[in-house]
Colleague: 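Mind having a look at this structure? Questions to follow.
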Protein chains: 2
Amino acid sequence: MVDNNIFDNNSLSRLIAEKITEEIITGKLKAGDKLIEANYAEEFGTSRAPIREAFYLLAIDGLVERIPRKGSVVKGYSERDIIDLLEIRMMLESLAIERIAELDTPESSLIHMEQLVNKMDLVDGDRLEYAMLNQKFHLGIIEMSKSDIIANMYSRLGLPLLSLQRLSFEWVENINKSLKEHHIILNHLRKKQFDDAKKVLIKHNQKVFNPRGKSQPSIKGFNN
Amino acid sequence: MVDNNIFDNNSLSRLIAEKITEEIITGKLKAGDKLIEANYAEEFGTSRAPIREAFYLLAIDGLVERIPRKGSVVKGYSERDIIDLLEIRMMLESLAIERIAELDTPESSLIHMEQLVNKMDLVDGDRLEYAMLNQKFHLGIIEMSKSDIIANMYSRLGLPLLSLQRLSFEWVENINKSLKEHHIILNHLRKKQFDDAKKVLIKHNQKVFNPRGKSQPSIKGFNN
DNA sequence: ACTTTTATTAATGTATACAATACCAGAACT
DNA sequence: AGTTCTGGTATTGTATACATTAATAAAAGT
């Protein structure tokens, strides 16, 4: 028995969930948009069953909200929500660094992170591309901690933030500072100056969001 | 139009999920136990569809792990996992107190919490009962923060910890100190001494885990 | 005109049936 | 004995059909 081929992404539902995730992150689907099972079933040429599963997977990642007997909508986050998400993300990353300090991080991980940061230096103007790489950087720190719990918690924050950062970046002003800080954090990690790494990381996170007065859209198609 | 009756717990799946949650928390179901859709379908006299949904709800709360094409099992947590869970819980509660400090907490909330703590004083020997009340206390702090995000994150931690606390309480030794601290935290909140509340809370949480007999792979030595 | 009622339609919830896959025990082979 | 086939069974994955509920529109009453 040969192993699964490339297309078998562990069942349809995962594949569909990934596709919808992409649509949310790229902004094709916006907060409040209603997701209709039948529509997607037709679009993907399947029955509603795997679509439902996909919606659940998305709900776990915090991208979709399921309202019993009403349906599934793309979850919206208020300004307050985003502040809390960022705060919690920072806490998790701080904790991750504490955990990293207790381990020997293999050279390969550090190299991987450095490659990532170098790639970010070269991005020129594509917000989505930058947001994706940035996400990978933060995720990389989480993974270095080798803590399933932290990683699990983080996954609930990461994607919603990714879908928002694209919009709310103060692109021009902060990008250069942000890039430099990534390098600094990595250097501290390499030199095992974990307290310093933490300090820079905390500052780094505190500067990410500049609220701009956008409020949460209401959900269309529902009678609230 | 009269509102839904008491039995309509917003669809079967929620009800089933609650029931299974109870079985996990009370220890009837143990980590690693496999959950078979068909079995539960028969037990509840339904088809497999709502059972599946229930499993997903449990997965969101971190009580069950879904492995594609294999099934659902009661999720187990290692000692390291528990340390991380507790650490994150502490962080979230700390953050919650910061948020509380920014609000006017209504008197009714404080009274509610005080009633809870008083009830805890009276519990005599029933670990599960105490663990449940303790859970409500911690949850109460989260709710006072009025942050959906914090509450959402917390729900992923709370139930797994609840299912573990019952087993590993160092009942006699620490219970009195723990009780006192609850009162102290509440008093600080009432007097708007939020920094003090936070400090006590952090200490309260840090004492929770005492890995003493490292030989034991289980969750021994975990209390609060 | 405005609200309430009623019918129609759309969408989710649940049940049943079948398909694909994983699991397991026993046979065949080395 | 141990390993690899092989078949049968258990269990999840998907499809289809129907039931129930929510959203929409039209009709009736005030």
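So you know, we letter chains A, B, ... as the sequences are listed, proteins then strands, and number each from 1.
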Colleague: Can you check the B/Glu42 CD to D/dT12 P distance for me, whole Å?
Modeller: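 Rounded to the whole Å, the gap is 14 Å.
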Colleague: Describe, as an angle rounded to 10 degrees, how the axis at the first end of the helix from C/dA1-D/dT30 to C/dT30-D/dA1 is tilted relative to the axis at the last end, five pairs per end.
Modeller: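 The angle, to the nearest 10 degrees, is 10°.
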Colleague: Please name all residues satisfying salt bridge (Lys or Arg N to Asp or Glu O under 4.0 Å) with B/Glu65, sequence neighbours left out, ordered by chain then number.
Modeller: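 Counting only residues at least two positions away or on another chain, B/Glu65 forms no salt bridge (Lys or Arg N to Asp or Glu O under 4.0 Å).
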Colleague: Among pairs that include at least one residue of residues 135-152 of chain B, which meet salt bridge (charged side-chain N to carboxylate O under 4.0 Å, His left out), considering only residues two or more places apart or in two chains?
Modeller: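 Qualifying pairs, neighbours excluded: none.
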Colleague: Report, one pair per line, the protein and nucleotides 11-14 of chain C atoms (nitrogen or oxygen only) whose separation is under 3.5 Å.
Modeller:
from, atom 1, to, atom 2, distance (Å)
C/dT12, OP1, A/Leu35, O, 3.3
C/dT12, OP2, A/Glu37, N, 3.2
C/dG13, OP1, A/Arg69, N, 2.9
C/dG13, OP2, A/Arg52, NH2, 2.3
C/dG13, N7, A/Arg48, NH2, 3.0
C/dG13, O6, A/Arg48, NH1, 3.2
C/dT14, OP1, B/Leu12, N, 3.3

Colleague: A/Leu57 has an atom CG; how far is it from atom P of D/dG13, in whole Å?
Modeller: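 Going from CG in A/Leu57 over to P in D/dG13 covers 11 Å.
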Colleague: State which residues pass side-chain contact (heavy atoms from CB on, under 4.5 Å) with A/Met132; sequence neighbours excluded, sorted by chain then number.
Modeller: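 Testing A/Met132 for side-chain contact (heavy atoms from CB on, under 4.5 Å), a comparison that skips the adjacent residues, returns A/Leu128, A/Leu162.
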Colleague: Only counting residues at least two apart or in another chain, list the ones meeting salt bridge (Lys or Arg N to Asp or Glu O under 4.0 Å) with A/Arg190.
Modeller: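 Partners of A/Arg190 under the salt bridge (Lys or Arg N to Asp or Glu O under 4.0 Å) test: A/Glu107, A/Glu114.
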Colleague: Pair up each side-chain donor or acceptor in residues 91-100 of chain A with any protein partner under 3.5 Å, not counting sequence neighbours, and list the distances.
Modeller:
from, atom 1, to, atom 2, distance (Å)
A/Glu93, OE1, A/His138, ND1, 3.1
A/Glu93, OE1, A/Asn205, ND2, 3.2
A/Glu93, OE2, A/His138, ND1, 2.6
A/Glu93, OE2, A/Tyr154, OH, 3.3
A/Glu98, OE2, A/Lys198, NZ, 2.9
A/Arg99, NE, B/Asp84, OD1, 2.6
A/Arg99, NH1, A/Glu102, OE2, 3.4
A/Arg99, NH2, B/Asp84, OD1, 2.8

Colleague: List in chain and number order the residues that pass salt bridge (Lys or Arg N to Asp or Glu O under 4.0 Å) with A/Glu22, two or more places apart in sequence or in another chain; answer none if no residue qualifies.
Modeller: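 Partners of A/Glu22 under the salt bridge (Lys or Arg N to Asp or Glu O under 4.0 Å) test: none.
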Colleague: Under a plain distance cut-off of 3.5 Å, with no hydrogens placed, do B/Asp81 and B/Ser78 share a side-chain donor-acceptor pair?
Modeller: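 There is such a pair (donor and acceptor under 3.5 Å, judged by atom type) between the side chains of B/Ser78 and B/Asp81.
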Colleague: I'd like to check the salt bridge (Lys or Arg N to Asp or Glu O under 4.0 Å) partners of A/Glu37; sequence neighbours left out, ordered by chain and number.
Modeller: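 Expected list: A/Arg48, A/Arg52.
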